Amino acid sequence: MTCGILLVTHPGIGPSLLSVATRLLRQLPLKTEAFEVPFDADLEVLLPLASAALRRVDSGEGVMILTDLYGASPSNLAGALARLGTPVRRVSALSLPMLLRVMNYPEQGLDQLPATAAAGTRNGAIVDDA
């Protein structure tokens, strides 16, 4: 089994990244879903909906939650999800290089995959003089 991936982001970010990743890879090797957090959201109201999304991607090995901005509402909601009992790891600074890197290592478990995700974002940032 593999861990699930839940993107918890501001509106438009998660679904767009999933769309591009799916187009590039043709099929995502990990069970993945995007959950958008509106700017004026009440996190207590969203928690049960986000929890349902978490359960949909969990195959029993836990879920890595990717958020766009640490400390913002999506990241805070991810933190609340982590306290509900399902094994969860949260990684912030979601980017397309991060998501593609995660999808290229589906055999990694919840212990290794967060470092792989972070490396995807770090290694995806290139300064080019062109």
Side-chain angles (χ1 to χ4, degrees):
M1 277 199 223
T2 58
C3 66
I5 306 297
L6 181 62
L7 281 58
V8 181
T9 67
H10 289 94
I13 296 171
S16 295
L17 289 173
L18 276 183
S19 176
V20 173
T22 301
R23 178 70 188 242
L24 292 172
L25 299 176
R26 292 193 171 80
Q27 182 177 349
L28 300 181
L30 296 170
K31 200 180 242 186
T32 307
E33 189 171 321
F35 186 87
E36 296 179 286
V37 178
F39 290 103
D40 58 351
D42 180 340
L43 298 186
E44 288 184 27
V45 171
L46 286 182
L47 187 58
L49 300 171
S51 177
L54 183 84
R55 288 191 307 275
R56 284 192 296 273
V57 298
D58 184 20
S59 298
E61 297 295 317
V63 176
M64 184 167 68
I65 302 176
L66 304 177
T67 67
D68 51 357
L69 182 64
Y70 184 79
S73 294
S75 179
N76 294 337
L77 181 60
L81 287 171
R83 293 186 289 276
L84 295 180
T86 298
V88 166
R89 296 290 302 273
R90 174 177 48 166
V91 180
S92 297
L94 174 60
S95 66
L96 185 58
M98 175 191 283
L99 184 57
L100 291 174
R101 179 84 175 214
V102 165
M103 293 301 160
N104 278 295
Y105 292 91
E107 73 283 354
Q108 290 186 353
L110 201 53
D111 290 333
Q112 302 112 334
L113 206 50
T116 298
T121 290
R122 264 192 321 275
N123 297 341
I126 306 296
V127 177
D128 188 350
D129 293 333

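The analysis underlying the following values was restricted to heavy atoms, covering all of them including side chains, and did not include hydrogens, waters or symmetry mates. Model, not experiment: these values are computed from the prediction.
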If you group Ile, Leu, Val, Met, Phe, Trp and Tyr whenever their side-chain heavy atoms sit less than 4.5 Å apart, what else falls in with Ile5? Leu7, Ile13, Leu17, Leu18, Val20, Leu24, Leu25, Leu28, Leu30, Met64, Leu66, Val91, Leu94, Leu96, Met98, Leu99, Leu100, Val102, Met103, Tyr105, Leu110, Leu113
Between OH on residue Tyr70 and CG on residue Asn76, distance to nearest 0.5 Å: 8.0 Å
Distance-minimising heavy-atom pair for Pro114 and Arg89: CG-CB, 3.7 Å
Test item: Arg101 side-chain N/O and Thr121 main-chain N/O as donor-acceptor pair under 3.5 Å: no
Please list all pairs meeting salt bridge (Lys or Arg N to Asp or Glu O under 4.0 Å) that have one or both residues in residues 13-34, counting only residues at least two apart or in different chains. Glu33-Arg56
With the side chain counted from C-beta on, respond yes when Val63 and Leu81 share a heavy-atom pair under 4.5 Å apart, and no when they do not. no
Would you check, one step at a time, whether the test side chain to side chain donor-acceptor pair (under 3.5 Å) holds for Arg90 with Ser75? CA-CA 8 Å; Arg90 174 177 48 166; Ser75 179; 3.2 Å; yes
Would you tabulate the side-chain donor-acceptor contacts of residues 123-130 under 3.5 Å, counting partners in other chains and residues two or more places apart, or write 'none'?
unit_1: Asn123; atom_1: ND2; unit_2: Ala119; atom_2: O; d: 3.3
unit_1: Asp128; atom_1: OD1; unit_2: Ala130; atom_2: N; d: 3.1

Partners of Gln108 by side chain to side chain donor-acceptor pair (under 3.5 Å), sequence neighbours excluded? Thr116
Test side-chain contact (heavy atoms from CB on, under 4.5 Å) applied to Ala72 - qualifying residues, sequence neighbours left out: His10, Leu69, Pro74
Taking all atoms of both residues into account, what is the closest heavy-atom pair of Pro15 and Ala34, and its distance? N-CB, 3.7 Å
Which pairs of donor and acceptor atoms, one on a side chain in residues 36-53, lie under 3.5 Å apart (sequence neighbours left out)?
unit_1: Glu36; atom_1: OE2; unit_2: Gly12; atom_2: N; d: 2.4
unit_1: Asp42; atom_1: OD1; unit_2: Glu44; atom_2: N; d: 3.0
unit_1: Ser51; atom_1: OG; unit_2: Arg55; atom_2: NH1; d: 2.7

Tightest non-hydrogen contact, residues Pro106 and Thr2, listed as O-CG2, 3.1 Å
Apply side chain to side chain contact (heavy atoms under 4.5 Å, CB included) to the pair Leu77 and Phe35, showing each step before the final yes or no. CA-CA 10 Å; Leu77 181 60; Phe35 186 87; 3.7 Å; yes
Side chain to side chain contact (heavy atoms under 4.5 Å, CB included) assessment of Thr32 paired with Val57: CA-CA 6 Å; Thr32 307; Val57 298; 5.7 Å; no
Minimum heavy-atom separation for Gly14 and Thr9, please, with both atom names. N-OG1, 3.0 Å
